[in-house]
Chemist: 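Submitted below is the structure of interest, expressed as structure tokens.
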There are 2 protein chains.
Amino acid sequence: MMKNTAPPISPKVTDPKVTDAPRALKRSRPVQVADQIKRWVVERDLRKGDKLPNEAEMIAQFKVSKGTVREAMRILEAQGLIVTKTGPGGGSSVGEVSKDRAMSLLGNYFYFKDLSLSDIYQIRKLLEPEMVANLAGHLDDSTLAELRAMAHQYPEPARSPEEEKQQHISSLAFHARLAEASDNDLLGFVIAFMARILADLTVYRRLYAAPNKELWERGRRHQIELVDALERGDGPGARAIMLSHMEGAETMMNAQEMRITREFMAETPTS
Amino acid sequence: MMKNTAPPISPKVTDPKVTDAPRALKRSRPVQVADQIKRWVVERDLRKGDKLPNEAEMIAQFKVSKGTVREAMRILEAQGLIVTKTGPGGGSSVGEVSKDRAMSLLGNYFYFKDLSLSDIYQIRKLLEPEMVANLAGHLDDSTLAELRAMAHQYPEPARSPEEEKQQHISSLAFHARLAEASDNDLLGFVIAFMARILADLTVYRRLYAAPNKELWERGRRHQIELVDALERGDGPGARAIMLSHMEGAETMMNAQEMRITREFMAETPTS
DNA sequence: GAGCCTAATTCATCATAATAAATCTAAGCG
DNA sequence: CGCTTAGATTTATTATGATGAATTAGGCTC
């Protein structure tokens, strides 16, 4: 029917090398090879940096052509699971999936989903206060200093739409930095992901809506007060400030026309 | 739901600066080609099902060899962005990233992160009550019936560890089904993802810890009461029930020894 | 007109060869 | 003796062409 080049159908075959191919009868060979490599990695509990066999060995191991092995490697590489280098001592090795790549891949999913601002803020209002409550009293001095610097970066309200956008991005970076410090990796990831989605939005300020100076000032004060609360370990205080901050931010966002950029999120090339 | 902030999709977002090879250094050719194809798709605002040029055209278009084009296609395919078929009328076409694939890719990221149960439950306790509060009064009859059937599936406490595991999985499926019905796609995704992580855990019940009949019974009652509350549109009630349910579930989970299966999440072949 | 068969189209896989990149080695120079 | 650097080596990267397999469309038979 669909697979008579290889002899995998009969159950009692003693396939040389391919000891383990129970399911996987509908997928292309590169995908199958990629899956086998994944299993191979998991079985040996390889970790970041551990090396995989080189191309030639894989060709021999899986009895497939060079091109097929390469396509399999590309699949794994696209998922961020391996990295490959050339040269002596080169080859492929296990690579931890970076947060950046994970967010990009997840962004591809939501590209088709048209999230609304209220969707995102509904979650931010729940998660961000909780996160800062956890964080209170657990941040080291350098992180606190970093946050404080970010909070003080823009001492004045924006005078141009472009500047306002910069401040907006900067504010989101503040939240992303907080998320990075979170002990709860999942919580931190979701919050950072939302910050990134918001940062990727294209903002069209309504021309007739003058920047709301009062709201802006309150947002800035929130950030400063938040860092203070975090420093003195005041969890409930931090939570309350963040909640208020989120509500203010939501109001500001709703006062603007926004549109999701219809681009796949690109990975930031380490800049 | 207040979806009023979601803007209608407007045409033309393309920034003229970044349309053509801005920075193409340092990356391999297949990756560059994949990026070009992505841009090509976005610029034309192609949607699910729209077809891409065939292999030969791409070879001519990008002036690279067939192998390179194929590797680029494998990259995009691994990310779920395209699907490829053979035969007349075959070729590659744009494919919506499936929820399943998105969860697998995200799972690869957390494979290296060793999430704890308390990390997950901290978030569940925040998000799931909120979700059901949104859902109250917004579910159609067939969904309600489906949920009710799931809630009634196991009328008796488990008599064996294996059966208990089945019930556990079933309960998580209940939550995943709720998440699927959520209007807030991001909220639903995060909740379904957590359910999947929990389902992928390998459970080792402590041999000396007899199944807690009372807790189990309360959990079951929660599910039934929850569906009732959802049906009559009682948002606050649904929220309260779910919060209580989450707390109970957390207690039960903590009474068990669990270990994350050290496997990359596989995609379920068909669903 | 229904059903089967053949042919055309398109991707899938394999094989081989030449190229490029990274590293290591050791000769050459100061 | 130590540093530099040219070349050799290892490994992945790209290219090319040929053959195979899957799928559909159209035609042929009855």
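Proteins get letters first, then strands, A, B, ... in listed order; numbering begins at 1 in each. Remember, predicted model here, so these are calculated numbers, not experimental data.
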Chemist: Among D/dT23, D/dA15, C/dC11, find the nucleotide with the atom closest to the side chain of B/P88.
Modeler: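 Looking only at side-chain atoms, B/P88 lies closest to D/dT23.
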
Chemist: Would you say B/S28 places a side-chain N or O within less than 4.0 Å of OP1 or OP2 belonging to D/dA12?
Modeler: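 Result: no.
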
Chemist: Run the salt-bridge test on B/E77 and B/R74 with the 4.0 Å N-O cut-off and return the result as yes or no.
Modeler: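 Result for this pair is yes, salt bridge flagged.
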
Chemist: Within the 4.0 Å heavy-atom criterion, would you say B/K66 contacts the bases, only the backbone, or no part of the nucleic acid?
Modeler: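 Base contact.
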
Chemist: Does the cation-pi check pass for A/K113 over A/Y111, that is, NZ or CZ under 6.0 Å from the six-membered ring centre and within 45° of its axis?
Modeler: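 Pair A/K113/A/Y111 does not count as cation-pi.
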
Chemist: Using whole Å, what does the distance between atom P of nucleotide C/dA15 and atom NZ of A/K63 come to?
Modeler: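 Rounding to the nearest Å, NZ of A/K63 and P of C/dA15 are 12 Å apart.
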
Chemist: Quickly work out the A/I59 CD1 to C/dC14 P distance and round it to whole Å.
Modeler: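 For the pair A/I59 CD1 and C/dC14 P, the rounded distance is 10 Å.
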
Chemist: Would you mind classifying the nucleic acid contact of B/R29 as base, sugar-phosphate or nothing, using non-hydrogen atoms under 4.0 angstrom?
Modeler: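 Here B/R29 touches the backbone only, sparing every base.
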
Chemist: Evaluate side-chain contact (heavy atoms from CB on, under 4.5 Å) for B/V31 paired with B/I75, printing each intermediate quantity in order.
Modeler: CA-CA 8 Å; B/V31 175; B/I75 290 171; 4.0 Å; yes

Chemist: Take A/G67 and A/G87, find for each the nucleotide of DNA chain C with the closest heavy atom, and name the residue whose nucleotide sits nearer the 5' end.
Modeler: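 Result: A/G67.
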
Chemist: Given atom CD of B/Q32 and atom C1' of D/dT13, what is their separation to the nearest angstrom?
Modeler: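 For the pair B/Q32 CD and D/dT13 C1', the rounded distance is 13 Å.
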
Chemist: From the set C/dA12, C/dT13, D/dA12, return the single nucleotide nearest to any side-chain atom of A/E55.
Modeler: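 Per side-chain heavy atoms of A/E55, the pick is D/dA12.
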
Chemist: Rounded off to whole Å, could you give me the CZ-to-P distance for the A/R70 and D/dT13 pair?
Modeler: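 To the nearest whole Å, that distance equals 5 Å.
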
Chemist: For atom NZ of A/K51, decide whether the heavy atoms of other residues, nucleotides or ligands shown that lie under 6.0 angstrom number more than 12.
Modeler: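 Result for NZ/A/K51: enclosed.
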
Chemist: Kindly point out which of D/dT11, C/dA12, D/dT14 is positioned nearest to the side chain of A/T86?
Modeler: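 My answer, after comparing the listed nucleotides, is D/dT11.
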
Chemist: Can you find a side chain N or O atom of A/S65 that sits less than 4.0 Å from OP1 or OP2 on C/dC14?
Modeler: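 Yes, such a contact exists.
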
Chemist: Could you tell me whether A/G91 contacts a base, only the sugar-phosphate backbone, or nothing, with contacts defined as non-hydrogen atoms closer than 4.0 Å?
Modeler: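 Answer is sugar-phosphate: A/G91 comes under 4.0 Å of backbone atoms only.
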
Chemist: Rounded to whole angstroms, how far apart are CD on A/E77 and C1' on D/dT13?
Modeler: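 It is 12 Å, rounded to the nearest whole Å.
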
Chemist: For the pair made of CD in B/E71 and C1' in C/dT13, what is the distance, rounded to whole Å?
Modeler: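 My rounded result for the distance is 13 Å.
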
Chemist: A/N54 CG to D/dT10 C1': how many Å, rounded?
Modeler: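 That distance rounds to 9 Å.
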
Chemist: Would you mind checking if B/R124 and B/E128 are paired as a salt bridge, meaning a charged N to carboxylate O distance below 4.0 Å?
Modeler: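 Yes, this pair counts.
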
Chemist: Roughly how many Å is it from CE in B/M58 to P in C/dT10, rounded to a whole number?
Modeler: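 Computing the B/M58:CE to C/dT10:P distance gives 13 Å.
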
Chemist: Does D/dT11 have OP1 or OP2 under 4.0 Å away from a side-chain N or O of A/S92?
Modeler: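 False: A/S92 side-chain N/O out of range (4.0 Å or more) of D/dT11 OP1/OP2.
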
